Chemist: 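If you scroll down you'll find the structure; I have some questions about it.
In the text below, chain A, chain B and the rest are named by the order of the sequence lines, each starting its count at 1. Here the structure is a predicted model, which is why all the values come from computation and not from measurement.
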There are 2 protein chains.
Amino acid sequence: MEPDALSAIASPRRREILRLVWNGEQTAGAIHRSMPDVTFGAVSLQLRSLVEAGLVEVRPQRQNRYYRARREAFGPVGQILERMWADALWKLQLAAELEQTRRGPKPRARRAKKRKV
Amino acid sequence: MEPDALSAIASPRRREILRLVWNGEQTAGAIHRSMPDVTFGAVSLQLRSLVEAGLVEVRPQRQNRYYRARREAFGPVGQILERMWADALWKLQLAAELEQTRRGPKPRARRAKKRKV
DNA sequence: CTGTTATTTTAGTTTTTACTAAAATACGGT
DNA sequence: ACCGTATTTTAGTAAAAACTAAAATAACAG
């Protein structure tokens, strides 16, 4: 088991991403479309952290980047995830957690335009 | 499995506490003596969060409070914990994580003495 | 080259987590 | 009542995590 598997699956957001790429690859865009309550950038950052933890692989093709879980990296944790996803009670729990941690819109803070060097 | 089991075991500090109360009860003081790099208050707070998550039980007796893991609340996660504790590589990993997240001493900031009302 | 689509990266904000020191509480002993 | 030990709670700090909006990058199409 990858050492960071435990902290990776502690986050409901990352668990949701893992579920989407568990049984096949998905583009970053498709993943984002499945979680419209966060920005594309936020999804991309979570994907990066999963890749850096060795838990997800990426395959670039054309303009897209296809992500998929490296299931062998999860060891026994993988079974726990699969069990959770199969369990309807867990689905409700996940919805509640996402609702709870939803961030509201933020006050502006425009950055100055950076010149191309 | 309790819904918060996953985030509970993501923290190396809470995993260490759970290990101490896994096979029998321990007083808060005994737990603290096993982790002298944090204050008693910090241990007490972690114990509280574990109790609130339904993962640990407390039994008050005399001036002491005895804590023990509610192993049935962990489901398959319990096996993962036991496996980790039996595994020397995981022990090294834990030591590294605890070392990494150790907080240094802090700059003072005395609070005003609160009068007894 | 220009424009479009897909995605990542940057810089800044907010929230959460883990902690500390000190104060408060609880319990029993004398 | 006062004292000592055990523990919790409070108030504040610091750092990490999660997020946003905007800018930057990349790959392709024309």
Chemist: Can you measure from CD1 (B:Ile80) to CG (A:Leu6) and round to the nearest 0.5 angstrom?
Modeler: 6.5 Å
Chemist: When you measure from every atom of DNA chain C, which of residues 45-58 of chain A have a heavy atom less than 4.0 Å away?
Modeler: A:Leu45, A:Arg48
Chemist: Can you tell me how the ring of A:Phe74 sits relative to the ring of A:Trp22, calling it parallel under 30°, perpendicular over 60° and tilted otherwise?
Modeler: perpendicular
Chemist: Give the rounded distance in Å between these two atoms: CD of A:Gln61 and P of D:dC28.
Modeler: 10 Å
Chemist: For the side chain of A:Arg14, counting heavy atoms from C-beta on, which of D:dA18, D:dT9, C:dC19 is nearest?
Modeler: D:dA18
Chemist: Could you give the distance from OG1 (A:Thr27) to CZ (A:Arg62), rounded to the nearest 0.5 Å?
Modeler: 14.5 Å
Chemist: Side chain of A:Arg62, heavy atoms from C-beta onward: which of C:dG28, D:dA29, C:dT20 has the nearest atom to it?
Modeler: D:dA29
Chemist: Find the distance between CH2 (A:Trp85) and CG (A:Asn23) and round it off to the nearest 0.5 Å.
Modeler: 8.0 Å
Chemist: Starting at atom NE2 of B:His32, determine the distance to atom P of C:dA18, rounded to an integer number of angstrom.
Modeler: 17 Å
Chemist: So, is B:Thr39 near the phosphate of C:dT20, with a side-chain N or O under 4.0 Å from OP1 or OP2?
Modeler: yes
Chemist: Which part of the nucleic acid, if any, lies within contact of B:Gly41, taking any heavy atom under 4.0 Å across all strands shown: a base, the sugar-phosphate backbone alone, or nothing?
Modeler: base
Chemist: Over how many whole Å does the gap from A:Phe40 atom CZ to D:dA24 atom P extend?
Modeler: 19 Å
Chemist: Whole-Å distance between D:dC28 C1' and A:Asn64 CG?
Modeler: 11 Å
Chemist: Against A:Glu82, only a single residue in A:Arg15, A:Arg19, A:Arg71 fulfils salt bridge (charged side-chain N to carboxylate O under 4.0 Å, His left out); can you say which?
Modeler: A:Arg71
Chemist: What contact category does A:Tyr67 fall into here, base, sugar-phosphate, or nothing, at under 4.0 angstrom with non-hydrogen atoms?
Modeler: sugar-phosphate
Chemist: At what distance, to the nearest 0.5 angstrom, does CD of B:Gln26 lie from OH of B:Tyr67?
Modeler: 12.5 Å
Chemist: Tell me the interatomic distance from B:Arg65, atom CZ, to C:dT25, atom P, rounded to whole angstroms.
Modeler: 15 Å
Chemist: In whole angstrom, give the distance that lies between atom CZ of B:Arg13 and atom P of D:dA16.
Modeler: 15 Å
Chemist: Given atom CD of B:Gln63 and atom P of C:dT25, what is their separation to the nearest angstrom?
Modeler: 19 Å
Chemist: Mind listing the side-chain donor-acceptor pairs of residues 45-60 of chain B below 3.5 Å, one per line with the distance, residues two or more places apart or on another chain?
Modeler:
unit_1: B:Gln46; atom_1: OE1; unit_2: B:Arg14; atom_2: NH1; d: 3.2
unit_1: B:Ser49; atom_1: OG; unit_2: B:Gln46; atom_2: O; d: 2.9
unit_1: B:Glu57; atom_1: OE1; unit_2: B:Arg68; atom_2: NH2; d: 2.6
unit_1: B:Arg59; atom_1: NE; unit_2: B:Glu25; atom_2: OE1; d: 3.3
unit_1: B:Arg59; atom_1: NE; unit_2: B:Glu25; atom_2: OE2; d: 3.4
unit_1: B:Arg59; atom_1: NH2; unit_2: B:Glu25; atom_2: OE2; d: 2.3

Chemist: What nucleic acid atoms does A:Ala28 come within less than 4.0 Å of, heavy atoms only: base, sugar-phosphate, or nothing?
Modeler: sugar-phosphate
Chemist: Distance check needed: D:dA17 C1' versus A:Ile17 CD1, whole Å only.
Modeler: 14 Å
